[in-house]
2 protein chains.
Amino acid sequence: MVNQKSLKRFLQYRLSLIKFQRLGFEKVFSYNLGKDVGVTAEQVRKDFSMFGLKGSKRGGYDIKYLLKTIDEIFKRNGERQVIIIGMGNIGQALCNYQGFKENNIIIVAGFDLDPAKYSKKYAIPVHSTDKMEEVIKKNSIRTAIIAVPEFAGQEVCDQLVSLGIKGILNFSPVNLKVPEDIVVNYVNLRNELESLFYYT
Amino acid sequence: MVNQKSLKRFLQYRLSLIKFQRLGFEKVFSYNLGKDVGVTAEQVRKDFSMFGLKGSKRGGYDIKYLLKTIDEIFKRNGERQVIIIGMGNIGQALCNYQGFKENNIIIVAGFDLDPAKYSKKYAIPVHSTDKMEEVIKKNSIRTAIIAVPEFAGQEVCDQLVSLGIKGILNFSPVNLKVPEDIVVNYVNLRNELESLFYYT
DNA sequence: ATTTTTTTGTTCCAAATTTCACAATAATTG
DNA sequence: CAATTATTGTGAAATTTGGAACAAAAAAAT
């Protein structure tokens with residue numbers, strides 16, 4: 001399977017490439033990208049070579065070509081659909097997050113146990129978790145965000161996997177046990193902040 | 001300097017330890033913790049040994065003792081103060097995030113360029129960025145959250161560093177250039193989600 | 001009291017990741 | 001058009017990270 005770290009670097013390269021393009025450049029060298037993203041030039045070249053991205057010796061890499069290929073890697077041309085399970089603080093914030101909307105990422109629906117959340121006050125429709133199967137099947141959803149409290153994390157995860165979800169972004173503070181063909185990215189906001197207090 | 005990865009693992013161990021304690025246990029073995037957190041028992045023992053945490057051969061580790069020591073590592077006994085720069089979507093969500101409040105993490109103030117945000121409608125006082133110095137000095141703040149748009153990230157970071165901030169949690173999608181005694185943790189919500197679409 | 005069992009703490013080993021080094025080659029210069 | 005220079009692409013070296021293995025020690029069993 002593909003290296004998860006290098007995948008995430010590609011998304012950084014992409015942001016950097018767009019920046020260079022806005023500045024009027026058409027070509028970049030590996031050390032331009034590396035410097036901007038904070039990795040070595042060799043790392044950039046290795047990443048590119050891993051995905052078959054070609055440059056020209058002495059001429060560097062063509063920005064348009066790189067962006068086009070990266071867009072394909074991440075399916076940026078189609079609509080990319082996601083669901084959110086858990087409409088608490090984090091779930092609600094993600095619904096309103098411009099960063100998703102601006103990048104073809106559509107949050108199709110939210111799910112929650114609390115009926116008080118099934119109102120129209122959110123940017124997206126919110127349903128009972130009973131409806132997960134229906135929504136996933138109807139839209140062929142493959143990607144989900146888990147934003148439920150700790151105790152519910154694993155159970156929700158198991159359900160999602162059984163309904164065909166392949167990629168999970170997990171905000172709940174649990175280590176999820178999943179089959180090996182499922183990819184989980186973890187975001188633990190509290191731990192990211194708290195670890196900084198070690199240095200204070 | 002200390003290994004950032006093992007620091008974050010300690011916070012996972014902590015959550016797991018609390019879980020075990022709630023279940024009535026007083027001792028754990030490295031493989032209990034490892035299994036729950038998703039690392040090997042050897043990794044747990046290595047981490048503990050790195051921070052001088054002692055167990056007893058055959059008896060395992062004392063949960064209370066581990067928790068007490070981990071609490072010291074992360075200064076959990078005192079109040080831990082933070083400021084947020086950028087009161088957009090993410091900044092606002094973090095203000096209301098229970099996970100911080102429940103863990104002695106106090107968001108002292110928020111800062112934004114937009115005067116429309118200086119109202120009382122947030123859970124914390126929001127000021128002009130001009131006031132950062134005053135607030136940081138008065139409260140001896142050492143930790144900050146950057147939640148501004150891409151273009152402002154580096155500038156805000158430079159300001160913070162010059163005002164004595166030592167740890168930064170960065171939500172802006174830029175690689176921050178900082179002196180080597182400053183620690184930056186990156187959270188890029190969009191990239192974490194987007195990288196999953198590779199697999200769809 | 002001795003033996004057996006279990007688990008830690010640590011050294012040694014393996015795998016993965018990153019960096020180095022350099023040949024190959026395309027652009028540029030004279 | 002030959003010589004020079006700059007940059008890619010990649011195989012080898014180095015580093016980092018995680019895992020296995022085992023001696024030491026404590027508890028339990030006999």
Side-chain angles (χ1 to χ4, degrees), chain A residues 1-13 16-17 20 25-70 175 177 180 183-186 195, chain B residues 1-13 16-17 20 25-70 73 175 180 183 185-186 195 198:
Chain A
M1 197 183 289
V2 161
N3 182 331
Q4 190 68 13
K5 280 194 187 171
S6 97
L7 263 190
K8 289 188 188 157
R9 280 196 298 266
F10 268 102
L11 290 166
Q12 315 249 130
Y13 298 148
S16 184
L17 287 165
F20 283 121
F25 292 99
E26 298 191 340
K27 301 273 185 182
V28 275
F29 301 126
S30 53
Y31 56 83
N32 301 135
L33 271 177
K35 188 166 186 212
D36 196 49
V37 164
V39 302
T40 63
E42 293 81 1
Q43 181 82 89
V44 174
R45 298 205 295 275
K46 269 263 165 77
D47 283 340
F48 283 7
S49 119
M50 196 181 305
F51 278 76
L53 300 202
K54 297 289 180 191
S56 114
K57 304 212 175 185
R58 180 95 205 236
Y61 298 90
D62 182 77
I63 295 183
K64 262 193 195 161
Y65 157 76
L66 289 178
L67 282 173
K68 185 163 164 288
T69 317
I70 295 176
N175 174 251
K177 275 100 187 164
E180 61 176 37
V183 177
V184 182
N185 280 176
Y186 291 87
S195 79
Chain B
M1 198 184 288
V2 161
N3 183 335
Q4 190 68 15
K5 280 194 187 171
S6 97
L7 265 190
K8 289 187 190 160
R9 278 196 298 266
F10 268 102
L11 291 166
Q12 315 254 127
Y13 298 148
S16 184
L17 287 165
F20 283 120
F25 293 100
E26 298 191 343
K27 300 271 185 186
V28 276
F29 302 126
S30 54
Y31 55 84
N32 301 136
L33 272 177
K35 186 162 187 218
D36 196 50
V37 165
V39 303
T40 63
E42 293 81 0
Q43 180 83 86
V44 174
R45 298 204 296 275
K46 267 230 181 110
D47 284 339
F48 284 7
S49 122
M50 196 181 307
F51 278 76
L53 299 204
K54 297 288 179 195
S56 111
K57 303 209 177 192
R58 177 98 203 231
Y61 298 91
D62 183 77
I63 294 182
K64 262 193 194 161
Y65 158 75
L66 288 180
L67 282 173
K68 186 163 164 289
T69 317
I70 294 177
I73 292 174
N175 173 252
E180 62 176 38
V183 178
N185 280 176
Y186 292 86
S195 79
Y198 170 76

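Sequence lines set the chain letters: A, B, ... in the order given, protein chains first and strands last, and positions in each chain run from 1.
Counting to the nearest Å, the P atom of dA26(D) and the CZ atom of F29(B) are 15 Å from each other. In this structure, F48(B) atom CZ and dT7(C) atom P are separated by 15 Å, rounded to whole Å. Note: CD (Q4(B)) to P (dG18(D)) measures 13 Å, nearest angstrom. Atom CD of Q43(A) and atom P of dT15(D) are 16 Å apart (whole Å). In this structure, K46(A) places its NZ atom 10 Å from P of dT19(C), rounding to the nearest Å. Note: CG (N32(B)) to P (dT6(C)) measures 15 Å, nearest angstrom. Taking atom NZ of residue K27(A) and atom P of nucleotide dT7(D), one finds them 13 Å apart after rounding to whole Å.
Applying the side-chain hydrogen bond (donor to acceptor under 3.5 Å, both in side chains) test to pairs two or more places apart or on separate chains, those with a residue in residues 26-39 of chain B are S16(B)-D36(B), K19(B)-D36(B), S30(B)-R45(B).
Listed by residue number, K57(A), R58(A) are the residues of residues 50-69 of chain A with a heavy-atom contact under 4.0 Å to DNA chain C.
Distance CG/D62(A) to CG/L53(A): 11.5 Å, rounded to 0.5 Å. Distance CZ/R9(B) to CG/N3(B): 6.5 Å, rounded to 0.5 Å.
Contact of the V28(B) side chain with the I63(B) side chain is registered, since non-hydrogen atoms from C-beta on lie closer than 4.5 Å.
Within 4.0 Å of Y31(A), counting heavy atoms only, lie sugar-phosphate atoms of the nucleic acid but no base atom. E42(A) comes within 4.0 angstrom of a nucleotide base, judged by non-hydrogen atoms across all strands.
The two atoms that bring F51(A) and V2(A) nearest to each other are CZ-CG1, 3.7 Å, heavy atoms only. V183(A) approaches Q4(A) most closely through the heavy-atom pair CG1-OE1, 4.0 Å.
Side-chain nitrogen and oxygen atoms of S49(B) include at least one within less than 4.0 Å of the OP1 or OP2 phosphate oxygen of dT10(C). Between S30(A) and dT8(D) there is a side-chain N or O to OP1 or OP2 distance below 4.0 Å. At the phosphate of dG11(D), neither OP1 nor OP2 sits under 4.0 Å from any side-chain N or O atom of R45(A).
Proximity note for R9(B) (side chain, C-beta onward) versus dT18(C), dT7(D), dG18(D): the nearest is dG18(D). Among the nucleotides dT17(D), dG11(D), dT7(C), the one closest to the side chain of N3(B) is dT17(D).
No N or O donor and acceptor, one from the side chain of K5(B) and one from the base of dG18(D), sit under 3.5 Å apart.
If you look at Y198(B) and F10(A), their ring centroids are not closer than 6.0 Å.
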